[in-house]
Amino acid sequence: MMRAALCIGILSALVCVGRSDRHDTDEDHTHQATALNSLSLVSSANKEFTYHLYRKLAAHTDSQGKNIFFSPKSVSVALAALSVGARGETHQQLFSGLGFNSSELTQANVDEAFHALLDRANKMSQKDTNEGTALFVDHDFTPHPEFLDVLNKSYFTEGFNVNFTNTVESSNTINRYVAEKTNGKIDNLVDNLNADTIMFLISYIYFKGNWDTSFNPELTKKDEFMVDENTKVPVEMMNMKEDVDIYHDQNINTTVLHLPFNSSSSMLLLLPDDMATLEKAICPGFVTKWLKWMKSRRYNIHVPKFSIKTSYMLNDVLIEMGMTDMFNEHADLSGIAVGKKLVVSEVVHKATLDVDEVGATATAATGIKIMPMSFHHTPILMFNRPFMVVITDRVTEDTLFVGKIINPNI
Ligand SMILES: *[C@@H]1O[C@H](CO)[C@@H](O)[C@H](O)[C@H]1NC(C)=O
Ligand SMILES: *[C@@H]1O[C@H](CO)[C@@H](O)[C@H](O)[C@H]1NC(C)=O
Ligand SMILES: *[C@@H]1O[C@H](CO)[C@@H](O)[C@H](O)[C@H]1NC(C)=O
Ligand SMILES: *[C@@H]1O[C@H](CO)[C@@H](O)[C@H](O)[C@H]1NC(C)=O
Ligand SMILES: *[C@@H]1O[C@H](CO)[C@@H](O)[C@H](O)[C@H]1NC(C)=O
């Protein structure tokens with residue numbers, strides 16, 4: 001187990017969307033300008049969302065000495081696709097939770113921006129990166145054609161019909177799909193689908209990068225990793241003496257190592273004097289600064305080889321980020337289907353990271369489980385502890401009896 005002393009970000013360099021060459025009319029120009037502006041607003045919202053979500057997850061796992069690793073992009077794609085079917089306050093909360101400002105962006109702008117982001121991700125990379133979404137729908141349930149259409153066109157969603165009554169078979173179908181998309185890294189996204197699931201929306205991301213300069217396996221040696229002041233664990237420590245990009249940020253006493261992949265992506269490894277200071281401060285502006293100002297110099301670097309897996313139930317952190325209504329009786333998902341009240345019962349997220357001499361592989365999947373409100377929200381009220389009773393006349397409100405039951409047996 002490798003605790004917090006290593007904080008990792010995998011970045012994709014920002015590239016502008018391809019613009020078509022036919023600049024015919026003013027309308028085209030205006031539309032392109034709006035699209036580019038939306039894309040930049042959505043991209044910067046996604047970056048802010050990253051560290052909001054990170055801090056929430058860190059707060060939830062702080063005392064447990066656990067690794068944190070997740071894909072903010074997978075989470076925001078899944079929630080943005082869900083927001084296509086959300087209305088009213090539920091939609092507002094998803095929008096502002098994701099960092100979108102509804103006076104600057106409409107859902108259609110957001111859909112268009114994600115279309116560009118997903119399209120670019122899958123066009124630029126060949127076999128080594130893969131991002132997408134899928135929707136598993138119960139055979140007894142018919143979503144609004146418009147909802148399916150937007151998901152298909154903007155989020156490249158693959159649609160499947162399943163029989164959720166068959167809980168084992170439908171779980172297996174979803175797990176097999178995610179396993180295939182993540183090259184077997186995530187093979188159990190769901191393990192407890194209930195029969196009343198009506199829809200399951202997923203997003204996945206698979207990333208594989210080869211270091212620009214690989215580590216020499218012969219230099220990898222057994223070493224120790226200091227989990228905390230009192231705990232040491234054995235690791236395989238890789239080693240390289242090369243010109244590498246380094247930045248020492250004195251504001252937060254953190255040294256940043258930039259390890260580029262032989263693609264447009266890079267890994268940043270952040271080694272702070274004090275993890276809490278770094279976790280509190282980190283924001284997109286720091287990353288921009290580090291990438292801009294880092295200097296190449298010869299260093300003797302030691303980086304552990306490791307493989308980790310994480311798993312989160314995101315309901316609580318999303319609620320803390322203001323996305324409350326989709327989980328309760330106020331949920332308004334009427335854009336998904338007419339005449340059926342729906343609610344989100346779970347948002348699960350699983351991720352993996354493998355780092356070795358050759359490169360890194362990172363995968364993640366987010367699953368959003370949607371159920372009919374009636375099934376989900378039958379509130380339970382159990383008088384299984386001391387309670388009071390009052391017997392009253394409804395008309396006169398005369399209290400006929402009052403009491404307290406501490407033990408119903410005597
Ligand atoms: C949303 O955008 C409007 C217009 O640009 C701006 O005035 C407002 O402050 C923004 N709201 C938030 C919460 O950023
Ligand atoms: C979107 O719908 C079209 C037309 O039905 C279909 O051909 C295409 O495969 C769908 N896209 C995805 C990603 O499933
Ligand atoms: C769905 O699965 C249930 C349980 O196995 C079965 O009774 C039902 O006939 C199936 N429905 C369809 C349409 O296949
Ligand atoms: C950084 O380290 C120096 C020297 O140990 C210390 O004086 C300073 O307070 C630290 N800054 C922060 C933000 O922790
Ligand atoms: C990156 O490195 C791998 C392994 O050496 C190689 O197979 C691949 O073609 C390289 N990709 C690029 C874009 O150079």
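In listed order, ligands and their atoms are each counted from 1.
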Asker: Here's a test for you: under salt bridge (Lys or Arg N to Asp or Glu O under 4.0 Å), which of K185, K208, K309 qualifies with D354?
Answerer: K185
Asker: Just checking, any donor-acceptor pair under 3.5 angstrom between side chains of D249 and W290?
Answerer: yes
Asker: In the protein, which heavy atom is nearest to atom 13 (C) of ligand 3, and how far is it?
Answerer: H139 CE1, 3.4 Å
Asker: Please determine if T165 has a nitrogen or oxygen closer than 3.5 Å to a nitrogen or oxygen of ligand 3.
Answerer: no
Asker: Taking 4.0 angstrom as the limit and counting only heavy atoms of N251, give me the atoms of ligand 4 inside it, by number and element.
Answerer: 13 (C)
Asker: Identify the closest protein heavy atom to atom 5 (O) of ligand 1: which residue and atom is it, and at what distance?
Answerer: E104 OE2, 2.9 Å
Asker: Is atom CD of E320 surrounded by more than 12 heavy atoms (other residues, nucleotides or ligands) closer than 6.0 Å?
Answerer: yes
Asker: What is the nearest protein non-hydrogen atom to atom 14 (O) of ligand 1, stated with its residue, atom name and distance?
Answerer: N101 ND2, 3.5 Å
Asker: Are any non-hydrogen protein atoms located under 4.0 Å from atom 11 (N) of ligand 4?
Answerer: yes
Asker: For atom 3 (C) of ligand 1, which protein heavy atom lies nearest, and how many Å away is it?
Answerer: S103 OG, 3.3 Å
Asker: Check ligand 3 against N163 and write out every atom of the ligand that is under 4.0 Å from a heavy-atom position of the residue.
Answerer: 1 (C), 2 (O), 3 (C), 8 (C), 10 (C), 11 (N), 12 (C), 14 (O)
Asker: On a heavy-atom basis, I'd like to know which of L278, N253, T277 is closest to atom 8 (C) of ligand 4.
Answerer: N253
Asker: Tell me yes or no: between the side chains of D274 and N253, is some donor less than 3.5 Å from an acceptor?
Answerer: no
Asker: Check whether any side-chain N or O of Y312 sits under 3.5 Å from a backbone N or O of F69 as a donor-acceptor pair, and report yes or no.
Answerer: yes
Asker: Hey, does the side chain of D228 reach the backbone of N230 with a donor-acceptor pair shorter than 3.5 angstrom?
Answerer: yes
Asker: Just by distance, do the side chain of S83 and the backbone of A81 share a donor-acceptor pair under 3.5 Å?
Answerer: no
